[in-house]
Amino acid sequence: MGKHAIASKKANGETMSLAPFGFRNVRRDGKWVIMRDPTTWPMIEQARRLWQRGNSVRQICYILKRKGLRSKRGNIVGPASMHRLLTNG
């Protein structure tokens, strides 16, 4: 993809990468955009609330594992990934 194609996609608000965890790539009006994943986003919000209340990362992982939270590849979300999610978002 050349410079002009990249500039055109950016100008039109299109995404050029895979969506981060908790989001998904969706085709809208012929463009690829990033939107919240309705399955995982509520659990991510819960994780943030638990974090704000003082729960440890391991506790949050355990709680959300029991609720079915999995990574995009179907793996259990571990403490390192959860910490990155909580501190970068």
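Residues W41 and R24 form no side-chain contact, since every pair of their non-hydrogen atoms from C-beta on lies 4.5 Å or further apart. At least one side-chain heavy atom of L86 sits under 4.5 Å from a side-chain heavy atom of R48. No side-chain heavy atom of L64 sits under 4.5 Å from any side-chain heavy atom of V77. The shortest side-chain heavy-atom distance between R28 and M35 falls under the 4.5 Å cut-off.
Within 6.0 Å of atom CG in D29, 12 or fewer heavy atoms from other residues, nucleotides or ligands are found, so the atom counts as exposed in its surroundings. In K65, the NZ atom is not crowded: 12 or fewer heavy atoms of neighbouring residues, nucleotides or ligands sit closer than 6.0 Å.
The backbone N or O of V26 sits nowhere less than 3.5 Å from a side-chain atom of K31 that would complete a donor-acceptor pair. Within the 3.5 Å criterion, the main-chain N or O of I60 finds no donor-acceptor partner in the side chain of N55.
To the nearest 0.5 Å, atoms CE (M43) and CG (L85) are separated by 12.0 Å. Rounded to the nearest 0.5 Å, atoms CG (L50) and OG (S56) are 10.0 Å apart. Remark: I63 CD1 to M82 CE distance equals 10.0 Å, nearest 0.5 Å.
A pairwise comparison of heavy atoms in F21 and R70 identifies CE1-O, 3.3 Å as the closest pair.
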Might you work through the side-chain contact (heavy atoms from CB on, under 4.5 Å) test for I34 and L18, ending with a clear yes or no? CA-CA 8 Å; I34 294 176; L18 292 177; over 6 Å; no
